[in-house]
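Here the structure is laid out as structure tokens; the discussion comes afterwards.
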Amino acid sequence: MKSTLIKFPSPSSAEAIIAVSGLSRQFGTKKALNEVSIFVPRGSVLGFVGENGAGKTTLIKHLLGSLKAMTGSVRVFGLDPVLDPVGVLSRVGYLSERRDLPGWMRVGEFIRYTQAFYPGWDERYASQLLDQFQLDPVQKIKTLSQGQQAKTGLLAALAYRPELLILDEPSSGLDPVVRRDILEAIIRTVADEGRTVLFSSHLLDEVERVADHVVMLHQGRVVLNGRTEEVRAGHISALLAFAQPPGASPVLLGAHAVTGFGSEWRVLFGGSRTDLVTAAALIGARVVEERTPTLDEILVARAGGKGS
Amino acid sequence: MSHGGTSGWQTPIGAMLWEIWGRRKVNFAFHTIALMVSLFCVRWIQHGTNQVVERVLVMVMLSCFLGAYFDLLTCFGYIEADARKIQLGYPARLLLKPVSTLRLVLVPMLVGGAIVATVLLIWNQYILQPLAHTSALNPYWLGAIVVSFFWWMQALAWSLPLMPGRSLIMLIVALIHLGVGILPLLPNSLSGWQWLILVVLLVSAVLTAWTGLGLMRQGKWDGPSRLNLFWNRWPSFHTTGMRGKFGSAFAGQFWLEWRRQGLILPGITSGIMFVILPLIFLVNQQSGVPAQGADFVKILLILTLLVPLVISSMMGATIARFDQLQASNALPVYIGARPITNGGLVIAKLAMALASSALTWLTVLVVAAFWLVVLQRHWLISLIPDVSPFHVVTTAIGCVPILLLLILYTWKNLVAGIGAGLTGRRWVVGIFTGWKAASAIALVGLFTAAKFNSDFQAALLHWLPELFFVALVAKVAVAFAIFSRGLRQNVITSGCVGWIACGWLAAGFFVTGYAGLVCRAMRHSDLWLPITLGGFLILPLPDLAIAPLALTWNRHR
């Protein structure tokens, strides 16, 4: 694997809402997080991507104080979420991947219960969201569909206009209509000046559409961290042609994934075009086609691809 | 199923049975150990021993029987929480298997019923009978009643997974079985019908389960039924929990705790009292010399005092849970992600427990008074000429401190295990429960020894104040250390510590003052100091001090 690409954000770049440095976490023999460092500036939308078990939810739980750092430090708004949960959680809106809601409550009761914890609860905004999401306050949460439960959780996370919105796989298992609602909510939250959003997702087209920064985790390590367009621009999906078909899969310096057969091989290359042409020439190939890869392709290449 | 072994397992029924065995091996091992321990105790008693040891052994055996038998009922119940942890019912994964509904119903019912009945008979034959030497009820009748009860619990849990008020229906069914169970104790005219009633109960349980599960599989009973929709739309429930906003985070959390657990203790105790008092009256009427008037009131009073205290001590293990359906005791995200201190969450639980205890005694007194008026009205009427307004007022005033003491003790029972429970770790709860059981057995042994050995009794009474004093100093020191740690770790505020400490002192001084009055009235001033120290000792302090730290361990893993 190529060394971690860190361009932005960095500790010195801006006021960091989230500052995680050297965070490691182990569950039994499995290392869930390994020396993770990320810094999220105010007002940014950070997309958190990675395969299942990459450590996304574990990192989010550290930000909420549900997990205590074994080594390293976690600061949210400059506070330790374990030592000062009230200080941190009062400014954070959170939607859980598991939609862990009290099924026995009615929607209206859940809203009322959640409101009790946030003095800045915006009742007009909550009513507006209730109408927009077409939620019935009398209905019990356990009788709601997955999508309605996600909307209920999202309403509870948004109605006090938190400074930081954390969404863990918000659109997992949901239909396109609910996914659209969630994306709109993220965009609206960002539109409020100074608000920050961190969301993890498997649906990388969503991340591309909404996130201005992306952090990619693989086996508990940060393998990519930067502006979305810079991350994409830093990779090239190229088709290489060989005069003679190589006997085995070609080994291209800087490639994260190599697929194909015969004399034509597609590579996902991390670096500039000049570097790609030079590296291809070294193994006796020429670049016949190139384009900017999608985040999806980069994730697959970084997480599961075979490169050199 | 790859480890099924013989081909006999390779059938749907075999797979269902194998699953029970595969998942519950540890429970069966535990049950076998409990049975062996009890057999050993029986042999020990039969070989002869002194009364102190015998009482301790009897307690050990009863604990083994109750723990192991209730565990067995859950093993074979075939009742599980669904994937979303919002309801208990038939294991959903089996509903999609290519097996007829009748088989899905009959396999767990017949196998479970046969095992719970057989195991009960084994315990009865080898443990309970040798202890009691006689049995008021025919063991086969008792076994059949237990099977009927077991089947009905299965039928209701499987057929009504989303039914509102299901617990109430289950309670009614349990009470019906209690009533049917004691039919042989009633006059012959009633007991003649007992087997017919039992057969009807057994057959109707199977039919209910079959029909209910069938409807569920056809999608006719999955999700909100018409009854459910009616219940959801019932006007009085529209506004429940939606009136105005809460004044504080604490108020919101208290509301949540109250809705989840506040009514359980008052409901169970008053329900039991409502049924058990007339039953006791009926059984009493059958005895050769039935207790009447003041004698019956004594029985009633003992029951009224015992039921809430016993039930609250049994409930103590569950009060720390935030969600009864969760497999683990971990803090649910919808609570853990809220900006409230761990101390605040604990205080909300403590306040709920106090309110629940107060309501319990209120309802129990109402139920007791109701049955007293219904069953003993002639005796009450006969008292009227002797009662003056002064008597009524002084009695009422005199009862208030007793009532407060009972509420306090019930609350103490409820919160006694809160520190262990809030850790969210089962092994901690297990160790705590074991330690409590061992302490209780040791105390019973100590008091029994004191009862039968006058020298030991005299020595114990002589040293009791000193023993209590040392224990009290240790208790305060431990609590002080834990509070200090909690303050250092920022999991509890000094205000919270102040409230708990002041509450403990106020309750302790209340006990002290009341004990002083009673001792003086009884002319036993020498008992005042031990009672006072004992009162302070009984009131929980380290348990409360450790609760926020335990929750911190759970919330920030």
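Proteins get letters first, then strands, A, B, ... in listed order; numbering begins at 1 in each.
- Proximity to chain B (any heavy atom under 4.5 Å) is shown, for Ser90(A), by both the backbone and the side chain.
- Two residues are said to be in side-chain contact when any heavy atoms from C-beta on lie closer than 4.5 Å; Leu198(A) and Thr196(A) fail this criterion.
- Both the backbone and the side chain of Gln253(B) come within less than 4.5 Å of a heavy atom in chain A.
- Note that Arg425(B) lies in the cation-pi zone of Trp553(B), set by a 6.0 Å cut-off to the ring centre and a 45° limit from the axis.
- Listed for the Gln139(A) side chain is no donor-acceptor partner under 3.5 Å among the backbone atoms of Val107(A).
- Looking only at side-chain heavy atoms (C-beta outward), Leu265(B) and Ile311(B) come within less than 4.5 Å of each other.
- Judged by distance alone, the side chain of Lys31(A) and the main-chain N or O of Gly220(A) form no donor-acceptor pair under 3.5 Å.
- For Thr493(B), the side chain to side chain contact (heavy atoms under 4.5 Å, CB included) partners at least two apart in sequence or on another chain are Cys496(B).
- Asp131(A) pairs by the side chain to side chain donor-acceptor pair (under 3.5 Å) definition with nothing, not counting sequence neighbours.
- Partners of Thr57(A) according to the side chain to side chain donor-acceptor pair (under 3.5 Å) rule, which considers only residues two or more places apart in sequence or in another chain, are Asp168(A).
- In this structure, chain B has a heavy atom under 4.5 Å from the side chain of Tyr94(A), while its backbone stays farther away.
- Listed in order of number, the residues of residues 337-350 of chain B that approach chain A to under 4.5 Å between heavy atoms are Ala337(B), Arg338(B), Pro339(B), Ile340(B), Thr341(B).
- Contacts of Pro81(A) with chain B are made by backbone atoms alone, with heavy-atom separations under 4.5 Å and no side-chain atom involved.
- For chain B, no part of Leu64(A) is nearby; none of its heavy atoms comes within less than 4.5 Å.
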